[in-house]
Amino acid sequence: MAASSSSLLLPPAITAPQIRNPNNGKNRTNYSLLDPGLGLGFLPNRTVIHPKKSSLRVRAVQTDRQPSRPPGGGGRVDDDPIQRFLKRDYKWGFVSDIESFSIPKGLSEDTIRSISALKDEPEWMLRFRLDALRRFLSLCEPRWSDNRYKPIDFQSICYYSEPKRKPKLHSLDEVDPELLATFDRLGIPLNEQKRLTNVAVDAVLDSTSIATTHREALAEKGVIFCSISEAIREYPDLVRRYLGRVVPPGDNFYAALNSAVFSDGSFCYIPKDTVSPMEISTYFRINDRDTGQFERTLIIADERSYVSYLEGCTAPSYDRNQLHAAVVELYCAEGAEIKYSTVQNWYAGDEEGNGGIYNFVTKRGLCDGNRSKISWTQVETGSAITWKYPSVVLKGDDTVGEFYSVALTKDYQQADTGTKMIHVGKNSRSRIISKGISAGKSRNCYRGLVQVQPQAENARNFSQCDSMLIGDTAGANTYPYIQVKNPTARVEHEASTSKIGEDQLFYFQQRGIDHEKAVAAMIGGFCRDVFDKLPLEFASEVNALMNLKLEGSVG
C-alpha cells in the first residue's frame with residue numbers, strides 16, 4: 001500500500017497535515033498536493049507507508065506487452081481449461097467500408113485552425129483551442145501509472161476524420177446507408193422508429209456526430225441534447241459558461257490535448273425543476289485506422305433537475321494501437337442529480353497483446369450546489385490500456401458522490417483505474433464500490449483517493465475495493481489514498497483479494513456444474529453490487545458482454 005498526494009481545484013502551496021497509519025500510529029507520512037498529470041495527482045512525495053501486513057499488492061507481473069511462455073515451460077495454453085475459457089472473439093471488431101475525409105496527420109497550430117474551420121466555430125472557441133495547445137506543448141507525458149507502453153507518437157495521428165456526406169442533412173435518409181448499417185450491426189439503430197422510446201441517442205463516428213435521436217421530444221420539456229459542435233454554434237453563451245469549468249484545459253496532459261483537438265461528443269442541458277423524460281445516451285465508434293478519437297462530453301443539470309446518461313463504445317480489431325483521449329464534465333447545481341453509466345468495450349488487442357485502444361480519459365463531476373448528487377457506474381472490459389479515474393468534487397453542503405465499477409482485464413490488458421472523492425462541503429458523503437477481475441497475463445490496478453478538506457465538517461466515506469484473480473499469471477494491485485484534514489470526518493476502507501483456480505472449478509464440477517457456468521456464477525456474485533446499479537438498458541448488454549469476454553469452449 002502506498003501513500004501519496006493529489007491536487008484538484010486547489011493551489012499547489014497548500015499541504016495536508018500528517019495522517020496516522022493504522023500500524024499502531026508509529027509510521028506517518030507527509031502529503032503534498034502534487035498533480036503530475038491526468039488530473040489525478042497520485043505521485044508519492046517520497047515517503048511511503050509500508051504496513052507490516054499488506055495484502056493489497058497481490059503480485060508483480062511482467063510489464064512488457066510481449067507474449068511469454070506458459071508456466072512450467074513445456075505446457076500449452078490450450079491444455080489449461082481456464083485459458084480456454086477466456087478465449088473468445090471480439091465480435092464488434094469489423095471495419096465498415098465508409099468513404100471519409102481526413103485532415104493530414106500531425107499536431108500543430110495549423111491542425112487546430114483546420115479543425116475549428118471545418119466545424120465553423122466562433123473566434124472564442126478557436127482561442128480556447130490554441131491556448132490548450134500551448135499548455136499541452138508545455139507539459140510532459142505522465143509516466144507514474146502501473147501501465148507500461150511504448151511512447152506515443154503524437155505526430156503520427158490524424159486528429160480529424162469524418163464520413164463524406166452532403167453539406168446539409170435534412171433527415172437520416174441522406175446519411176450513407178453503409179453508416180446506418182454499421183450502427184444497426186452494433187445494436188444501435190439510428191432510426192427513431194427502431195429505437196426504444198425512452199432512450200435518446202447521439203451516435204459519434206470517428207470525429208463527428210452522425211445523428212441525434214428524439215431531440216424534438218426532449219426540447220418540448222426544455223431539455224437540450226445535441227452534439228457539442230452544434231451546441232457551440234447554437235448555444236454559445238451556455239457552452240462558454242461551463243466548458244472547462246470542471247476540467248480546465250491545463251488540468252493534465254491528456255485533458256490539454258483533448259481541449260485543443262476535440263471534435264465531437266455530446267452536450268446536454270437540463271433546465272431547472274425538470275426531470276429528463278428519457279435516458280440520454282451516446283455511442284462512440286472508431287472506424288478509421290489512423291484516427292484517434294477525442295470527444296468532449298458536457299452535461300449540465302440545473303437546480304433541482306435530474307438526468308440519467310448512458311455511454312457505450314467499440315472499435316475495429318486493428319493490429320496497431322489507437323489513442324482515445326476524452327474529457328467528460330458533469331455539473332450539478334443545487335438539488336440536482338446526474339447518474340452517469342458507461343460500458344467501455346473498446347478493442348483490447350489480440351491474445352498476444354497486439355493492437356488495441358489506448359484509453360486515456362479524464363472524467364469529473366462537480367456538485368457545486370447544496371444537496372446535489374453525482375453517481376458513476378461503469379463496466380470496463382475493453383482497451384489494451386485503460387487509464388481513467390471518474391471523480392467527484394463535493395463542493396456544496398449535503399452533497400453525495402457515488403462510484404460503482406467493474407474492471408475486467410484478460411490476455412495482456414492493463415488497467416490503472418479508480419476514482420477520487422474530494423470533500424469540500426459540510427455533511428458531504430461518498431461511497432466507492434470497486435470490483436477488479438484479472439485473468440490471463442493482465443494487470444488490473446485500483447487507485448483511489450478520498451480527500452477531506454478542513455471545512456468539510458462531518459464528511460463521510462465508505463470504500464470497498466475487491467479483486468478477483470483467475471488463473472496463476474494475472475496481477476492485481478490496490479492503492480488507496482486517504483487524506484483527512486477535518487477531525488469530524490469518518491472514512492472507512494476495506495479491501496479483499498480472492499482467486500478462481502482449479503480447486504474452485506473442481507468443486508463446482510463435482511456438483512454437475514461445468515467450468516463456464518461455474519465461473520459465470522462466481523463472477524456474477526462478485527459483481528452483483530455494481531450490476532444492480534446499472535440502468536435496465538445496459539443489463540442485458542453487460543451480461544452478454546461478460547459472457548463474450550470470458551466464455552469459451554471448455555474441455
Worksheet item: R135: what forms a salt bridge (Lys or Arg N to Asp or Glu O under 4.0 Å) with it, not counting sequence neighbours?
Response: D131

Item to complete: Name the orientation class of the two ring planes belonging to F154 and Y254 (parallel below 30°, tilted from 30 to 60°, perpendicular beyond 60°).
Response: tilted

Discussion item. Side chains of E380 and S405 only: does a donor on one sit below 3.5 Å from an acceptor on the other?
Written reply: no

Practice prompt. Name all residues meeting the salt bridge (Lys or Arg N to Asp or Glu O under 4.0 Å) criterion together with D302; count only those two or more places apart in sequence or in a different chain, and write none if there are none.
Written response: none

Item to complete: Using a cut-off of 6.0 Å, state whether more than 12 heavy atoms not belonging to R429 lie near its atom CZ.
Response: no

Discussion item. The criterion is side-chain contact (heavy atoms from CB on, under 4.5 Å); which residues satisfy it with R304, sequence neighbours excluded?
Written reply: D273

Item to complete: For R431 and S375, test the side chains for any donor-to-acceptor distance below 3.5 angstrom and give the result as yes or no.
Response: no

Worksheet item: Can a cation-pi geometry be assigned to R241 and Y235, taking NZ or CZ under 6.0 Å from the six-membered ring centre and within 45° of the ring axis?
Response: no

Fill in: Qualifying residues under salt bridge (Lys or Arg N to Asp or Glu O under 4.0 Å), relative to R460, sequence neighbours excluded
none

Worksheet, complete the sentence: Residues at least two apart in sequence or cross-chain that pass ring-ring contact (aromatic ring centres under 6.0 Å, His included) with Y404, listed by chain then number, are none

Item to complete: Determine whether the side chains of E311 and Y340 contain a donor N or O and an acceptor N or O closer than 3.5 Å.
Response: yes

Worksheet item: Cut-off 3.5 Å, side chains only: do T362 and N258 have a donor facing an acceptor?
Response: no

Discussion item. Which residues pass the salt bridge (Lys or Arg N to Asp or Glu O under 4.0 Å) test with E234, not counting sequence neighbours?
Written reply: R215

